[in-house]
Visitor: 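Quick one: the structure is below, questions incoming.
Convention: sequence-line order gives letters A, B, ...; per-chain numbering from 1. The figures here come from the full heavy-atom set of this structure, side chains too, leaving out hydrogens, waters and symmetry mates.
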Protein chains: 2
Amino acid sequence: MNDSLSTRDALIEAGLSLLIEGGAEGLTLRRAAARAGVSHAAPAHHFKGLPGLHTAIASRAFALFTEAMLRRRAAAENRPFARLLAICDGYLDFARDSAGLFHVMFACPDLDPRDPDLAAQSARAYDVLREGCLPFSGGTPDPVLEGLVWSSVHGYALLGPSVNAEAPFAAVLARIVPPDAP
Amino acid sequence: MNDSLSTRDALIEAGLSLLIEGGAEGLTLRRAAARAGVSHAAPAHHFKGLPGLHTAIASRAFALFTEAMLRRRAAAENRPFARLLAICDGYLDFARDSAGLFHVMFACPDLDPRDPDLAAQSARAYDVLREGCLPFSGGTPDPVLEGLVWSSVHGYALLGPSVNAEAPFAAVLARIVPPDAP
DNA sequence: GGGTAATCTTTACACTGTCAAGTCTCGATT
DNA sequence: AATCGAGACTTGACAGTGTAAAGATTACCC
């Protein structure tokens with residue numbers, strides 16, 4: 001039984017590494033099974049087919065995603081703009097360096113949106129962003145500001161090189177919230 | 001020869017309808033070939049494999065995308081904020097109603113970025129957005145503002161329901177550029 | 001006319017996800 | 001303690017995918 005948990009995790013870990021190495025197209029049920037050392041039909045017992053594996057992987061990926069944002073935030077100055085920018089930089093780092101995971105998290109049409117684990121992990125990630133916005137609305141949540149920041153960084157991450165050249169994200173963010181006073 | 005052009009177009013048209021009917025997973029080389037009335041290997045002569053078909057379809061889809069934005073803009077009041085909002089609404093309409101096409105245009109990892117047709121059509125689409133931003137920067141282009149608007153509407157389109165409830169896009173846009181005076 | 005290039009079909013191959021049936025192990029019940 | 005049974009996993013098969021090679025057919029140009 002502990003063994004079963006271990007192969008389930010092994011399958012998720014194998015899927016993560018396949019996505020990191022080979023991008024969005026690198027992940028395959030059979031390849032993940034092979035890398036985990038089990039037969040090609042083993043995943044069907046732990047997940048509901050490929051969509052199930054996708055959502056399990058996305059759940060883990062959201063945890064790594066949150067970690068990337070927190071890591072950046074911890075290294076930033078403790079001032080509102082610097083902190084929010086650091087969070088967004090973590091967002092952009094992850095989207096750039098782990099494009100395969102990012103793709104499964106946000107562009108995979110077969111994720112199970114009712115999976116409680118996935119919902120919890122993604123909520124945790126968004127909470128980081130939300131909390132970074134708080135200082136700009138006097139400590140009480142401002143849904144419109146949160147939606148704007150979130151949409152902006154997400155769109156910026158996906159559009160990528162088309163915008164970056166002429167508009168670094170720090171400049172974009174400075175149009176949304178006031179930069180720290182010198 | 002005219003026949004060859006016609007089957008090439010028939011393949012693209014078949015791909016478009018498959019994407020509209022069945023979403024991103026509805027498109028298949030073989031299905032498009034069958035719907036176009038040719039054998040499953042015919043597409044290989046007109047496109048470089050599936051990636052080639054994808055970029056050809058994306059090119060056409062960008063034209064429809066531009067059309068959706070222009071249609072909305074034409075029905076809007078001739079005031080800066082109303083026009084830019086209308087353009088963005090066209091953007092969001094298309095992303096919602098033609099999710100399959102939108103996915104191929106923006107989330108397909110195998111598009112050929114050097115295809116001149118695709119580059120031209122996507123540039124045409126972005127020009128609409130850019131021109132909608134002009135009145136807010138005194139008539140001279142403002143790359144940072146363009147990047148902000150573009151990222152915001154794109155991110156908003158993809159994050160979709162997670163944000164919409166509490167933050168309609170009109171409210172989001174009103175944080176970026178000043179609404180029209182009453 | 002003869003040849004040539006393009007268009008399309010046929011055939012084959014490796015790979016994918018999924019399903020059905022069988023094997024095995026281990027724990028609980030009687 | 002023997003038996004049962006449920007879960008984990010394998011094996012084998014199937015339909016469907018993209019791609020490549022090789023052959024047919026057609027249209028066009030010299």
Side-chain angles (χ1 to χ4, degrees), chain A residues 1-59 100 103-104 107-112 115, chain B residues 1-59 100 103-104 107-112 115 117-118:
Chain A
M1 149 206 178
N2 195 355
D3 201 8
S4 91
L5 271 193
S6 144
T7 70
R8 198 191 128 100
D9 281 356
L11 281 160
I12 297 178
E13 222 67 35
L16 284 174
S17 67
L18 281 171
L19 282 171
I20 290 173
E21 295 171 19
E25 321 245 292
L27 172 60
T28 277
L29 243 179
R30 287 171 116 102
R31 276 214 276 260
R35 184 165 293 204
V38 294
S39 87
H40 68 269
H45 283 265
H46 299 281
F47 316 97
K48 298 189 223 154
L50 186 59
L53 180 59
H54 277 156
T55 77
I57 289 177
S59 186
H103 187 274
V104 170
C108 206
D110 61 1
L111 294 186
D112 179 10
D115 182 88
Chain B
M1 149 212 174
N2 194 355
D3 202 7
S4 91
L5 270 193
S6 144
T7 70
R8 198 193 128 100
D9 281 356
L11 281 159
I12 297 178
E13 222 68 35
L16 284 174
S17 66
L18 282 171
L19 282 171
I20 290 173
E21 295 171 19
E25 320 245 290
L27 172 61
T28 277
L29 242 179
R30 288 170 116 103
R31 276 215 276 260
R35 185 165 291 204
V38 294
S39 89
H40 68 269
H45 283 263
H46 298 281
F47 316 96
K48 297 191 223 150
L50 185 59
L53 180 59
H54 277 156
T55 79
I57 287 177
S59 186
H103 187 275
V104 170
C108 206
D110 60 2
L111 294 186
D112 180 10
D115 181 89
D117 229 59
L118 177 59

Visitor: Considering just the side-chain nitrogens and oxygens of B/R31, establish if one lies under 4.0 Å of OP1 or OP2 belonging to D/dT17.
Guide: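 Yes, because at least one side-chain N or O of B/R31 sits under 4.0 Å from OP1 or OP2 of D/dT17.
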Visitor: When rounded to the nearest 0.5 angstrom, what distance separates CG in B/D115 from NE2 in B/H54?
Guide: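 Spacing of CG (B/D115) from NE2 (B/H54) equals 14.0 Å.
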Visitor: Would you mind reading off the distance between B/H54 atom NE2 and D/dT17 atom P, rounded to a whole angstrom?
Guide: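 Result: 13 Å.
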Visitor: Estimate the overall bend of the helix from C/dG1-D/dC30 to C/dT30-D/dA1 from the end axes over five pairs each, rounded to 10 degrees.
Guide: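 Terminal axis comparison yields 10°.
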Visitor: Using whole Å, what does the distance between atom P of nucleotide C/dT18 and atom CG of A/L53 come to?
Guide: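 A/L53 atom CG is separated from C/dT18 atom P by 10 Å.
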Visitor: Within the structure shown, what part of the strands sits under 4.0 Å from B/P51 by heavy-atom distance: base, sugar-phosphate, or nothing?
Guide: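 Contact class for B/P51: sugar-phosphate only.
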Visitor: Do we see a donor-acceptor contact under 3.5 Å between the side chains of B/S59 and B/D117?
Guide: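 There is such a pair (donor and acceptor under 3.5 Å, judged by atom type) between the side chains of B/S59 and B/D117.
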Visitor: Once you round it to whole Å, what is the distance between C1' of C/dC15 and CG of A/L27?
Guide: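 Atom CG in A/L27 sits about 14 Å away from atom C1' in C/dC15.
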Visitor: Expressed in angstrom and rounded to an integer, what is the separation of A/L50 atom CG from C/dG17 atom P?
Guide: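 Rounded to whole Å, this separation is 6 Å.
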Visitor: Working to the nearest 0.5 angstrom, can you tell me the gap between B/F47 CZ and B/D112 CG?
Guide: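 The CZ atom of B/F47 sits 13.0 Å away from the CG atom of B/D112.
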Visitor: Rounded to the nearest 0.5 Å, how far does CG of A/L18 lie from CG of A/L27?
Guide: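 Reported value, rounded in 0.5 Å steps: 6.0 Å.
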Visitor: Go nucleotide by nucleotide along DNA chain C from the 5' end; which of A/T28 and A/H45 gets its closest nucleotide reached first?
Guide: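 Looking at DNA chain C, the more 5' nearest nucleotide goes with A/T28.
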Visitor: After noting the C-alpha distance and the side-chain angles of B/E21 and B/R31, does the key distance pass the salt bridge (charged side-chain N to carboxylate O under 4.0 Å, His left out) rule?
Guide: CA-CA 12 Å; B/E21 295 171 19; B/R31 276 215 276 260; over 6 Å; no
Visitor: Where along residues 15-25 of chain A does a heavy atom fall under 4.0 Å from DNA chain D?
Guide: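 None - not one residue of the stretch has a heavy atom sitting under 4.0 Å from the strand.
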Visitor: Whole Å only: how far is the CG atom of B/L11 from the P atom of D/dG18?
Guide: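 To the nearest whole Å, that distance equals 12 Å.
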Visitor: Round to a whole Å and report the spacing from NE2 of B/H46 to P of D/dT19.
Guide: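 In whole Å, D/dT19 P lies 15 Å from B/H46 NE2.
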Visitor: Which of residues 34-42 of chain A sit near DNA chain C, with a heavy atom under 4.0 Å from it?
Guide: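 A/H40, A/A41, in order of number.
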Visitor: Starting from P on C/dC15, measure out to CG on B/L29 and report it in whole angstrom.
Guide: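 In whole Å, C/dC15 P and B/L29 CG are 19 Å from each other.
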Visitor: Hey, which sits more toward the 5' end of DNA chain D by its nearest nucleotide, B/G49 or A/R30?
Guide: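 Here A/R30 is the residue nearer the 5' end.
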